Amino acid sequence: MRAHWRIVLATFAGLAVTQFTADLAKLVPLPQSLDSIAYLRSGISYLFDIALMVLLLRMLGGVSFARQWTATGLGQPARPALLMGLCLFVPLVLSGLVLGRLSDEESPSSLLFLGLIAPFAEEVTYRGLAAGGLMLLAGWRFWPAALSPAILFGLIHLSQGEGLVEIASVVAITAVGGLFFAWLYVRFGNNLWPAVVMHVGINSLWNLFDLGDNAIGSAIGNVLRVATVLGALAFAIWGQPWLERVSATRKTSHEFVPLEPKG
């Protein structure tokens, strides 16, 4: 079997397992004092996702940990992405305070986990290790490399919907979101941080304000989401030189340079 097909097999095996890690996390024995901690088992399931993807890529795909780190894009500069996030989300939070209302169901733990930890872990798994690995390590083109993990990313949100139409809508919206995050990763020179910042910002808005019970969202929620996406598009297409200059970051390349995997 050619080396790059081993990487493809390892990637899709890892993505398949992510559909069941929430159930695996429930089997982990924990003391009652720990088991009562909110979102702890959900956090364990995300750790399983990342650990299994990394181990499968190493053992089955033959990809070193250093090459995996390169593919994730986490080693790229984070400052331009953080600056973009400030420019986008500070006005959106102010708009949310004016147009919407704060959620009365959220707690600090839910804001931390759902707004920060979960989106970061999802970007590492589905965009960095999966889409990034397929592009940079296996040499796939953008669309097949980004679309396959995006579909599976959408499927993990099945539980957010009730009824066929709502479930299909949730899966479609989250899958399209996954494609957009993968595009940001590519557009910023194989840098995962813009996708992380966007995912964290959108999730945080959804949890900070009462914008809907799932990814479908309310009218105000979708106005804020569209504004966020349009702003990110503008920064990605036209604003990168400004972001790099203001954040004093060296310009990165936007070209794909596939890494030759070791057999």
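All values derive from a computational prediction rather than experimental measurement.
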(request) Report yes if some heavy atom in the side chain of Glu244 is under 4.5 Å from a heavy atom in the side chain of Arg79; otherwise report no. (result) no
(request) May I have all residue pairs that pass salt bridge (Lys or Arg N to Asp or Glu O under 4.0 Å) and include part of residues 108-124, sequence neighbours excluded? (result) Glu123-Arg127
(message) Would you say that Phe181 contacts Val176 through its side chain, given a criterion of any heavy-atom pair below 4.5 Å between the two side chains?
(response) no
(message) Is any side-chain heavy atom of Val63 closer than 4.5 Å to one of Arg58?
(response) no
(message) I'd like to know if the side chain of Ser204 reaches the main chain of Gly201, judged simply by a donor and an acceptor atom lying under 3.5 Å from each other, with no hydrogens or angles considered.
(response) no
(request) Please examine the side chains of Pro144 and Leu134, heavy atoms only from C-beta on, and report whether any two atoms are closer than 4.5 Å. (result) no
(message) Measuring only between side-chain heavy atoms, which start at C-beta, is Val98 closer than 4.5 Å to Leu94?
(response) no
(message) Side chains of Leu30 and Arg41, heavy atoms from C-beta outward: is any pair under 4.5 Å?
(response) yes
(request) For Thr21, enumerate each residue passing the side chain to side chain donor-acceptor pair (under 3.5 Å) test, keeping only those at least two apart in sequence or located in another chain. (result) Asp49
(message) Once rounded to the nearest 0.5 Å, what's the spacing between atom CG of Leu57 and atom OG of Ser64?
(response) 10.5 Å
(request) Mind checking ring-ring contact (aromatic ring centres under 6.0 Å, His included) for Phe89 and listing every partner two or more places apart, or none if nothing turns up? (result) none
(request) Measure from the side-chain N and O atoms of Asn191 to the backbone N and O of Pro77, and report whether any donor-acceptor pair falls under 3.5 Å. (result) yes
(request) Verify, without hydrogens or angle tests, whether Asp35 (side chain) and Pro31 (backbone) share a donor-acceptor contact under 3.5 angstrom. (result) no
(message) I'd like to check Met135 versus Val186 (side-chain heavy atoms, cut-off strictly below 4.5 Å). Are they in contact?
(response) yes
(message) Restricting to ring-ring contact (aromatic ring centres under 6.0 Å, His included), what partner residues turn up for Phe235, sequence neighbours left out?
(response) none
(message) Please report the interatomic distance CH2(Trp242) to OG(Ser247), rounded to the nearest 0.5 Å.
(response) 8.5 Å
(message) How close do Ser33 and Ser36 get, counting heavy atoms only, and between which atoms?
(response) O-OG, 3.0 Å
(message) Could you work out, with ring-ring contact (aromatic ring centres under 6.0 Å, His included) as the rule, every residue matching Phe153, not counting sequence neighbours?
(response) Tyr126, His157, His199
(request) Locate the shortest heavy-atom distance separating Leu60 from Arg6; write the atom from each residue and the value. (result) O-NE, 3.1 Å
(request) Sequence neighbours left out, what pairs pass ring-ring contact (aromatic ring centres under 6.0 Å, His included) with at least one residue falling in residues 41-88? (result) Tyr46-Phe113
(request) Report yes if some heavy atom in the side chain of Val124 is under 4.5 Å from a heavy atom in the side chain of Leu192; otherwise report no. (result) yes
